[in-house]
Amino acid sequence: MSPYNPAKVEKKWQDVWEDQSTFTAKRDETKPKYYVLEMFPYPSGRIHMGHVRNYTMGDVVARYKSSTGHNVLHPMGWDAFGMPAENAAMASGGHPKEWTYQNIADMRAQMKPMGWSLDWSREFATCDPEYYGQQQALFIDFMEKGLVYRKNAIVNWDPVDMTVLANEQVIDGRGWRSDALVERRELTQWFFKISDYSEELLSALDGLDNWPAKVKLMQSNWIGKSRGLQFGFSLIDGPAGFDEVEVYTTRPDTLMGASFVGISPDHPLAKELEQDNADVAAFNAECRKMATTEEAMEKADKKGFDTGLRVRHPLDPSWELPVYIANFILMDYGTGAVFGCPAHDQRDFDFARKYDLPIIDTFVSMDGSQSASEEAFVPTKTEKVRWTKQFAWDEVATGQQAVDAAIAHCEANNIGQGVTKYRLRDWGLSRQRYWGCPIPVVHCDDCGVVAENKENLPIALPDDVSFDQPGNPLDRHPTWRDTPCPSCSKPARRETDTMDTFVDSSWYFARFTAPHSKTPTSAPDADYWMNVDQYIGGVEHAILHLLYSRFFSRAMHICGHLPEKAIEPFDALFTQGMVTHEIYQTRDDSGRPIYHLPEEIENGKVKSSGEIAEIIPSAKMSKSKRNVVDPVDIVRSFGADTARWFVLSDSPPERDVEWTASGAEAAFKHLSRVWRIASDIASATGEGSGDPELTRAMHKTIHDVTMGIETFGFNAAIAHLYAFTNELNKSRASAETKLDAMRTLVQLMNPVTPHFAEEVWEMLGGEGLIADAPWPVADPAMLVEENVTLPIQVNGKRRSEITVSKNLPKEEVEKLALADKAVQKALNGGAPKKLIVVPGRIVNVVI
RNA sequence: GCGGGCGUGAUGGAAUGGUAGACAUAAGAGACUUAAAAUCUCUGGGCCGAAAGGCCGUGCGGGUUCGAGUCCCGCCGCCCGCACCA
């Protein structure tokens, strides 16, 4: 018997699969298609355990579906544009293009040994001109359909580097390289009109039955549909042209509790006032130093500035309210102005406390015990409350009833209008960077902004650029910028902004169906392969990537690039958890942490120094914490099949999995054990008899593993494989019975450990490739249990159990339960109060 | 701050509202071996008990239910997202 040698086995079968083009997908109308896709990687240059887990899950699905008669498409590509390539160029003087393609080559070389059943013939990178040229064609089509426009938007501006910064490049309000205080600056930017689809993107979530409920909920909250009242507070002696402050509120029922009006520092009125009021200008300037993220706005200290202006309350013209500029009000949402009701909104409450504004209850709890005193009183809108300041409804009403009545009242009295708003903003896609897809438009002095002619596509990035100075090299490129106007042919300038990388990833799944088509998609291929039957990726993409892709699919459909069925491109979605690892830390003389790689640690001590390492509980693998395990090392020591088995075995796929050396070793030991058992069976000729128990267990295992894969219960499926292996190992059945059981076992293992399975299959004399063998089918007759063991509870606590025939009538079960010794003892001669029998599950005696 | 999720033995985890801890890991004991490794067998939530058995136990505090890890309410902790990271 030869020992299990993964290095030899894995290479052998990878070569066979490649020679036979086992995983090359071709359209075949005679078979049902199945499109499984994992979110494509960013080419950082190294694969990590998260990739291994993600792609192994997809591979299990792909191989399983293939064995159940599906024509499977399982492609791979690269999300290859983005900042890291430019950062690398700045740091080491290379070129983003070379850096990226080298990384792709390196990563591909690390991925191939994993044995994923990928169709590499469809591979592309989003930075291939062939791909982004088609993306430019889409952009032009979107322009024609009115889905693209330009407007001013705020960016983070680094005044020292003279460049726009991404949010992650702003650290505590300062540029990451220059350390200069970041300013907000307005630039004219390109936008997709995703907000046209707010209602559609929201309501269509209902149809996504195979998406996680949490993702749909997050998207729904992100779109943020609300019904409210829009109305104007009339300004008393406002600046010329400012008669009113228009506000939007979802709680018009609390209007009588208003104590101030707040406007955004970017509100036109605020901008007007700063013209000739230095204090306002100073306050606004201060606000504009804040980072642009919503998170930064919300976390910042709530600050206000009393403009001195007053407005009249719409329900009582004699009531005047102060107008504050407040740093927490977003110009992007609603009208950029709100009224504050401190009694029923905690943020307004804090603001009122700070600036000594009145706190006016408009309702209290039903028994009057709860009102705004130490904090705002904010019951849910469905809770009934007692109103003290209602103006169009009953004294007792829910918030929702009051909102509806308030809107109706205000509409009837011409105070305002009920309106529906969405939180979702249009998608700003302009990036002032080199390494992205050029926006295919030209600025002409005569014709204005003109789309490129499609025959000029792709508008390719120039290669001769340098990164020795900050900013976008396209802006200062001597010739690339200059181009004739596509409309009038006069000298004109190219747009130098490139596209957000989210654009690249919003349609790659469609491109995979025809990766070299001369149009963005090809109808027969898109019709056949779309939709993605199963999409798998991290939950961190739950909102933006998935929402943008849903929008893009709709837009592509309108332009004729996708069939109508594909407007929701992902039929089923699965979000997997991270791979984590313990962190090993020691400290230097000044107490600063030093992190150690897992392989530097032995028995809790640093190998080289013998120092005891502090163990910090598991966290996402990251370079900075050095808690990374390199898949390449694992494949070298144990083989890909062990890595694949382990990443799926130890945790439910939607949760994080902790990588442990002992777990990986145990996975290897288990495969070695199965190998030995298979070798013994392959060479056995001996005596033995049939084993009905083994056959029964085999069918049960087929059923359980199949269900496990179908429901993404990979860890449960693997637990069943362990259990069946134990059973098979113990069995004294005949060689023939065991051979049958063993073949079934490796077939069930095949999606997870495919090289191992092929080799054992061959060893056992299996016909052809196991990759081409049909999935085993459980005999339903073998799954039926004749007897069941029923636990017997007394008052909900387990006290005994009885084993009865499955179909024993309820009355008989009751009799047997009451006759049980433990029940007799508990009853102590009395009669039970109640007897609950759940057939096949449990008996509960209540006394 | 807002939105979403998660929390079970020493560890990873299992459990359509129905026997909490399947399966695995670490650990301990034993078998085999000159020895070690490998392999095999057994033990394996806590407390009391010789055992039978009993009591407690799924982050914390309440609630619904014959019955709650699971459902509801309120906390605590950790993770993800927050529109220019990918």
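Residue numbers begin at 1 in each chain, while the letters A, B, ... track the order of the sequences. Computed from a prediction, not measured in an experiment: that's the story for all the values here.
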Test applied, ring pair (Phe, Tyr, Trp, His ring centres under 6.0 Å); reference residue, A:Y149; option that passes from A:F191, A:W427, A:F192, A:W190: A:F191
Watson-Crick or G-U counterpart of B:A52, or none if no pair lies under 3.5 Å: none
Polar atom pairs between nucleotides 16-18 of chain B and protein, under 3.5 Å, N or O only, would you list them?
from: B:G18; atom 1: N2; to: A:Q793; atom 2: OE1; distance (Å): 3.4
from: B:G18; atom 1: N2; to: A:N844; atom 2: ND2; distance (Å): 3.4

Can you list everything that forms a side chain to side chain contact (heavy atoms under 4.5 Å, CB included) with A:I543? Sequence neighbours excluded, please. A:M218, A:W222
Taking the side chain of A:E295 as heavy atoms from C-beta outward, which of B:G1, B:A24, B:A83 is closest to it? B:G1
Please determine whether any donor N or O and acceptor N or O are separated by less than 3.5 Å between the side chain of A:Q169 and the base of B:C84. no
Test side chain to side chain contact (heavy atoms under 4.5 Å, CB included) applied to A:N729 - qualifying residues, sequence neighbours left out: A:R673, A:I677
Residues in side chain to side chain donor-acceptor pair (under 3.5 Å) with A:S637, at least two apart? none
Looking at residues 421-430 of chain A, who's got a heavy atom less than 4.0 Å off RNA chain B? A:R423, A:L424, A:R425, A:G428, A:S430
Each nucleotide in nucleotides 4-13 of chain B should get exactly one letter: B, S or -. Can you fill that in based on protein heavy atoms under 4.0 Å? SS-S----BS
Residues two or more places apart in sequence or in another chain: which of them pass salt bridge (charged side-chain N to carboxylate O under 4.0 Å, His left out) with A:K669? none
Are any protein N/O atoms closer than 3.5 Å to N/O atoms in nucleotides 37-43 of chain B? If there are, list each pair with its distance.
from: B:C40; atom 1: OP1; to: A:R673; atom 2: NE; distance (Å): 2.7

Does A:H541 have any ring pair (Phe, Tyr, Trp, His ring centres under 6.0 Å) partners at least two apart in sequence or in another chain, and if so, which? A:H545
Summary of protein contacts for nucleotides 73-78 of chain B, nucleotide by nucleotide, where a base hit scores B, a sugar-phosphate-only hit scores S (4.0 Å, heavy atoms): ------
Of all pairs that satisfy salt bridge (charged side-chain N to carboxylate O under 4.0 Å, His left out), the ones with a partner from residues 542-552 of chain A, not counting sequence neighbours: A:R550-A:E568
What about A:E540: does its side chain form a donor-acceptor pair under 3.5 Å with the base of B:C80? no
Any pair counted as salt bridge (charged side-chain N to carboxylate O under 4.0 Å, His left out), so long as it reaches residues 425-436 of chain A, sequence neighbours left out: A:E294-A:R425, A:D332-A:R425, A:R431-A:D500
